[in-house]
Colleague: 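Before I ask anything, here is the structure I am working with.
Note that this is a predicted model, so its numbers are computed, not measured. Note that ligands are numbered from 1 as they come in the structure, with each ligand's atoms numbered from 1 the same way. Only this structure's heavy atoms are used, side chains among them; waters, hydrogens and symmetry mates stay out.
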Amino acid sequence: MDSSPVGIFDSGLGGLSVLREVRALLPHEPLIYLADSRYAPYGDKPERFVTARTLQVCRWLVAQGCKALVIACNTATMHAVQALRSELTVPVIGVEPGLKPAAAISRSKVVGVLATANTLKSAKFNRLLATLAPESRYLCAAGHGLVALIEQGDVSSAVIREKLDAYLGPMLEAGADTLVLGCTHYPFLSATIREMVGDRLTLIDTGAAIARQLARKLVEFDMAADPAKAAGIRYLSTKDAAHLHEMAAALLQVEAHAETVVIEPAPALEDGPLTA
Ligand code: DGL
């Protein structure tokens with residue numbers, strides 16, 4: 001039995017959609033949730049920055065005593081999971097857009113994929129696409145601006161609907177019947193997407209699959225916590241604990257006692273100033 005925490009990390013609030021699934025499956029596992037909101041979004045930052053910052057944050061989580069890490073961010077996983085696994089000694093569970101489950105479910109064999117620009121550009125994502133059976137078509141769109149709005153707590157405004165309409169309209173016209181939510185922020189848009197498209201698109205969110213993968217890894221490495229003991233969650237933000245507290249209440253309906261932490265100095269953004 002190992003009562004050390006599992007670290008769950010995202011550029012910001014998106015990983016809360018993964019935390020929700022981990023909590024539901026493994027309520028006895030102590031968790032640390034870290035939102036690097038000071039530097040969100042990662043999706044349009046230089047790749048070098050995403051890789052270096054992910055390594056920096058994950059080293060910090062290991063130094064806090066985390067026994068395993070969940071990279072609850074597709075963008076960070078795409079760019080940094082290999083480096084993390086070769087450097088860190090703890091198990092690292094990453095996320096990736098659910099293209100395979102989408103292809104298995106789609107009847108029209110036209111699958112929409114909404115993810116960040118950095119995820120769609122990454123070599124890892126493109127290798128994944130290349131391994132898939134050719135009978136399905138994948139229509140990929142970069143959800144520019146969506147993460148920044150969700151970070152502010154906006155999951156249903158007219159602005160966000162207009163953006164979604166621009167991304168999903170062409171997918172529907174091309175016959176898509178399935179939509180991969182390829183960014184962990186996007187499950188928080190599910191209700192709005194449903195209102196907009198009804199049952200024309202089946203939404204694919206891999207949060208529950210990630211939780212199951214974490215459970216398997218904890219057993220494999222003999223790291224699971226005592227199921228008879230209650231476990232807490234520490235919510236940490238690199239930007240603003242009060243905002244994380246407010247957003248956890250709005251998005252997950254939980255009372256999160258959040259703390260602000262400093263993980264600095266961040267790697268230089270060589271390609272230009274911070275946009276966040
Ligand atoms: N939640 C993230 C993802 O899954 C990151 C989004 C961002 O920071 O742009 O890709």
Colleague: Need the ligand 1 atom indices (1-based, order shown) with element for anything under 4.0 Å from a heavy-atom of D10.
Modeller: 1 (N), 2 (C), 5 (C)
Colleague: Does S108 reach the main-chain N or O of G175 with its side chain, forming a donor-acceptor pair under 3.5 Å?
Modeller: yes
Colleague: Select one of side chain, backbone, both or neither to describe which atoms of A40 lie under 4.0 Å from any atom of ligand 1, heavy atoms only.
Modeller: neither
Colleague: Look at E96 together with R127 and state whether they make a salt bridge at an N to O cut-off of under 4.0 Å.
Modeller: no
Colleague: Do side-chain atoms of T238 reach the backbone of S37 as a donor and acceptor pair under 3.5 angstrom?
Modeller: yes
Colleague: Taking only heavy atoms of S11, which atoms of ligand 1 are found under 4.0 Å from at least one of them?
Modeller: 5 (C), 6 (C), 7 (C), 8 (O)
Colleague: For G43, take its heavy atoms, then give the atoms of ligand 1 lying under 4.0 Å from any of them.
Modeller: 7 (C), 8 (O), 9 (O)
Colleague: At a non-hydrogen distance cut-off of under 4.0 Å, which region of T75 contacts ligand 1 (side chain, backbone, both, or neither)?
Modeller: both
Colleague: Would the distance check show the side chain of Y33 and the main-chain N or O of G15 forming a donor-acceptor pair, the cut-off being under 3.5 Å?
Modeller: yes
Colleague: Is there a side-chain contact (heavy atoms from CB on, under 4.5 Å) between V111 and I204 once you walk through the steps?
Modeller: CA-CA 10 Å; V111 172; I204 306 292; over 6 Å; no
Colleague: Students should be able to answer this: which protein heavy-atom is nearest to atom 7 (C) of ligand 1, and at what distance?
Modeller: Y42 N, 3.3 Å
Colleague: Please confirm whether T119 comes within less than 3.5 Å of ligand 1 when only nitrogen or oxygen atoms on both sides are compared.
Modeller: no
Colleague: Which heavy-atom pair separates N74 from T184 by the least distance, and what is that distance?
Modeller: ND2-N, 3.4 Å
Colleague: T116 heavy atoms, cut-off 4.0 Å: which ligand 1 atoms fall inside?
Modeller: 6 (C), 9 (O), 10 (O)
